[in-house]
There are 2 protein chains.
Amino acid sequence: MRRSPRRGQRVTVREVARAARVHFSTVSRVMNPATRGQITDSVAKRVLKAAERLGYRTNALAAGLRTRRSRVVGIIVPYIDSPLYPPILLGVEEVLNERGYVAIICNTQNDPAREERALAEMMGRQVDGLILGTATRGDPTIEAWVKRGAPLVMINRTDQTGRAPSVITDDRLGIGLVIDHLAQLGHQAIGHIAGPQQLSTGAARSEGFRAALARHRMRAGSREIVVADDFTREAGRRACHQLLNQFPQATAVVAANDLLALGGYEALRERGLSCPKDVSVTGYNDSPFVDLLTPPLTTVRIPQREIGIAAARTLLRRIEDNDTSATDVVLRPELVVRQSTAAPRLATLLSNAPERR
Amino acid sequence: MRRSPRRGQRVTVREVARAARVHFSTVSRVMNPATRGQITDSVAKRVLKAAERLGYRTNALAAGLRTRRSRVVGIIVPYIDSPLYPPILLGVEEVLNERGYVAIICNTQNDPAREERALAEMMGRQVDGLILGTATRGDPTIEAWVKRGAPLVMINRTDQTGRAPSVITDDRLGIGLVIDHLAQLGHQAIGHIAGPQQLSTGAARSEGFRAALARHRMRAGSREIVVADDFTREAGRRACHQLLNQFPQATAVVAANDLLALGGYEALRERGLSCPKDVSVTGYNDSPFVDLLTPPLTTVRIPQREIGIAAARTLLRRIEDNDTSATDVVLRPELVVRQSTAAPRLATLLSNAPERR
DNA sequence: GTGAAAGCGCTAACAG
DNA sequence: CTGTTAGCGCTTTCAC
């Protein structure tokens, strides 16, 4: 009766076949949804019952070797422990799992060497496709992947060459919403703590800043941009100090993400300025808990889970239907107004002045 | 010259062998660190060069099928998008990657049905081991896994049967540190917002609460426990209200995690009470940003990354050396004092009174 | 509708 | 030290 061997799953098609008194290829056909129709119902039933009883599960390694499809997709992200990625992964996983795929996730800490190792690992493991969150402009590692014709979708950032589809959010729009909001409150001197310009998010947001100010006819003298060298609190703090030194008349500071905004809070505190009374501050990403800060942060929410879902769907279309028509998906961000933004002091005093056009 | 076929990696040991003018099994031996010593250096060099030139990578599916080791470990967590797990995953990944393993991560939203599906998926994919973050007391799914003799390590929670090793933190100690701190500040009436008691963390922390109070000789009349039905802000808010209704003399509220503490903040605000002046509040986990709240939250930090590292190491010992001696690892939490705790009003008034004891 | 046979790419006895 | 051979468990022609 020795039925449970020492290690690993040992039940194979052959054993199920013996139990069900059919050929093992029949078992294979029954277990595979695509070929199930070839088998008589009564035989199928018998096989299924035997499989169930023995606890059979298809060996994904063997199947993958044979079919050249692993039903695994690789995901490479810069920081798994940041508020941004986990919800995206959730969305990816959701789509993947319901289609019988799993994800292997690698974290690179933004280190190109680690990215390259991760990519090699993924190739060796025969992943069917890749979701890449670490793209940089003209990323060379993408080249190799795309050349092989392997499916790839970029998220959050793009390499801006159009070699592969991406799922991003509209950063220019998002910053535009912020500026509209501030303009409506009456701000006319707005500073920007920009993010690193080599990341597409950093670059797009500062472009958005410039464009939105132009749209509102605010120009030189009514704005100032300081680039933070990293998306961190400390970098935000330093940048905000520099900003206020160069541009003391600023009544609002638009940060390129929430962490930078938090650094801004610190800088204001250190200067004895109050937010939003003296200076309004805005963030980007709507990270968890920023609604609990003092003051609760006005920020831009991006649909993280939807990014993951869209990326996974695009990738699967490419993998399963070889549908290469995918173009970039651009999702809409949303302004979340909280209490870190208010009318500027001056505007409050002049609030009875006639509306400007 | 057709060298790059349409899809997937097509370079195999045979092609490398042909290029290097050796037998293909020699190539295999060169590529595998364990058998590399069997080959003459000069031959090895030739093979390596050819492999490099052709861009050869071992097909992990084929190797896994043959060796019955996939070098994949499964990780099952309840909520990937919570502040708790990502840093743990980071630690796991770090150890795994440097040993040539990758992780496939499944998220269950605490749904037993999803957990079971995840487990089945992992089995089918021949994972070499499992890190389980969803264990509940007497979890039946663990049974099947352990029975097969498959390596398993639990994290954060244990099923409390000792069938498999776990890596957890010492919740009783952690809460003890909190109580010591509060006692030293002079608190003598302390309430507890407990977490769900079916989760080992919830249960261990309330036990720790009771034990610590006993140690400090505070008894009935000097404490009250209200169990929140979920680890969420809203549940914490409700529980805190209930707590203060039943036990209005409380000068401190110890929450079983940070989210519950945040709910406590809200409840206090709704009652017009100030923290820490009227009531001190503590959390647990030291989630990101809780240092930025008003007031910054006194909480307990748990070594998340280390949990991941320890779990991965334990698992690999079991997988690679079949070292089954592993016992539970219990890591030390650490008190982080911030500004949500202060001496109680009364104690302030009496601060000139002689020290007790 | 079901059986037979081949082979995915690799590793690991076993020979020499 | 290197070559030969078999086979991991599966899918998928091709026959019947």
Side-chain angles (χ1 to χ4, degrees), chain A residues 5-48 50-51 54-71 100 123-126 128, chain B residues 5-48 50-51 54-71 100 123-126 128:
Chain A
R6 293 202 338 245
R7 194 40 120 88
Q9 169 216 322
R10 288 208 118 315
V11 186
T12 97
V13 273
R14 307 183 121 86
E15 313 197 27
V16 177
R18 188 143 30 87
R21 314 212 140 279
V22 294
H23 192 264
F24 70 82
S25 64
T26 304
V27 176
S28 169
R29 286 192 264 256
V30 171
M31 299 314 289
N32 188 324
T35 49
R36 167 71 169 282
Q38 302 172 12
I39 306 296
T40 326
D41 268 10
S42 72
V43 175
K45 213 139 269 173
R46 213 164 74 230
V47 170
L48 251 11
L54 299 176
Y56 171 80
R57 325 216 88 249
T58 301
N59 181 325
L61 261 41
L65 176 60
R66 178 63 232 237
T67 59
R68 289 148 176 247
R69 278 148 159 295
S70 57
R71 298 185 84 84
M123 289 194 188
R125 292 189 180 269
Q126 318 299 119
D128 292 336
Chain B
R6 295 199 337 245
R7 198 31 124 90
Q9 170 215 322
R10 287 208 118 316
V11 186
T12 90
V13 272
R14 309 183 119 87
E15 313 198 26
V16 176
R18 188 141 34 85
R21 316 214 140 277
V22 294
H23 192 266
F24 71 81
S25 64
T26 304
V27 176
S28 169
R29 285 192 265 257
V30 172
M31 300 313 289
N32 187 323
T35 48
R36 167 69 169 280
Q38 301 173 13
I39 306 296
T40 327
D41 267 10
S42 73
V43 175
K45 213 139 268 172
R46 214 163 74 231
V47 170
L48 251 13
L54 299 176
Y56 171 79
R57 324 215 88 249
T58 301
N59 181 325
L61 260 39
L65 177 59
R66 178 62 232 235
T67 58
R68 306 177 146 192
R69 283 152 154 289
S70 57
R71 298 185 85 84
M123 289 192 188
R125 293 191 179 267
Q126 318 298 118
D128 292 337

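Residue numbers begin at 1 in each chain, while the letters A, B, ... track the order of the sequences.
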Calculate the interatomic distance between A:Arg68 atom CZ and C:dG7 atom P; express it in whole Å. 13 Å
Taken to the nearest whole Å, CZ/B:Arg69 to C1'/D:dG9 is 18 Å
Tightest non-hydrogen contact, residues B:Ala44 and B:Arg36, listed as CB-NE, 3.8 Å
When you match B:Arg14 and B:Leu65 each to their closest nucleotide on DNA chain D, which lands nearer the 5' end? B:Arg14
Going by heavy atoms closer than 4.0 Å, what residues in residues 36-45 of chain A are next to DNA chain C? A:Gln38, A:Ile39, A:Thr40, A:Val43
When rounded to the nearest 0.5 angstrom, what distance separates CG in A:Leu65 from CZ in B:Arg66? 12.5 Å
Inter-residue atom distance B:Arg14.CZ - B:Ser28.OG, 0.5 Å rounding: 11.0 Å
Supply the atom-to-atom distance B:Thr26 OG1 to B:Arg46 CZ, rounded to the nearest 0.5 angstrom. 9.0 Å
How sharply is the helix from C:dG1-D:dC16 to C:dG16-D:dC1 bent, taking the axes over five pairs at either end and rounding to 10 degrees? 30°
So, taking the atom named CZ in B:Arg69 and the one named CG in A:Leu61, what distance separates them when rounded to the nearest 0.5 Å? 12.5 Å
B:Asn59 CG to B:Arg10 CZ distance, which is reported to the nearest 0.5 Å: 10.5 Å
Between B:Val47 and the options B:Ile39, B:Val13, B:Val16, the side chain to side chain contact (heavy atoms under 4.5 Å, CB included) test singles out B:Val16
Nearest-0.5 Å distance that lies between atom OG1 in B:Thr58 and atom CZ in A:Arg125: 10.5 Å
Please check if the side chain of A:Thr40 supplies one atom and the backbone of A:Ser42 the other of a donor-acceptor pair under 3.5 Å. no
Euclidean distance, atom CG of residue A:Asn59 to atom C1' of C:dC8 [Å, nearest integer]: 13 Å
Take the protein atom CZ of A:Arg71 and the nucleotide atom C1' of D:dC10, then report the distance between them rounded to whole Å. 14 Å
Find the distance B:Arg18:CZ to D:dG3:C1' and express it as a whole number of Å. 17 Å
Contact pattern, 5' to 3', of nucleotides 11-16 of chain C - B, S or - by protein heavy atom under 4.0 Å: BBB---
Can you see which heavy atom on A:Ala19 is nearest to which on A:Leu54, and at what distance? CB-CD1, 4.1 Å
Check step by step if side chain to side chain contact (heavy atoms under 4.5 Å, CB included) holds for B:Leu48 and B:Met31. CA-CA 8 Å; B:Leu48 251 13; B:Met31 300 313 289; 4.0 Å; yes
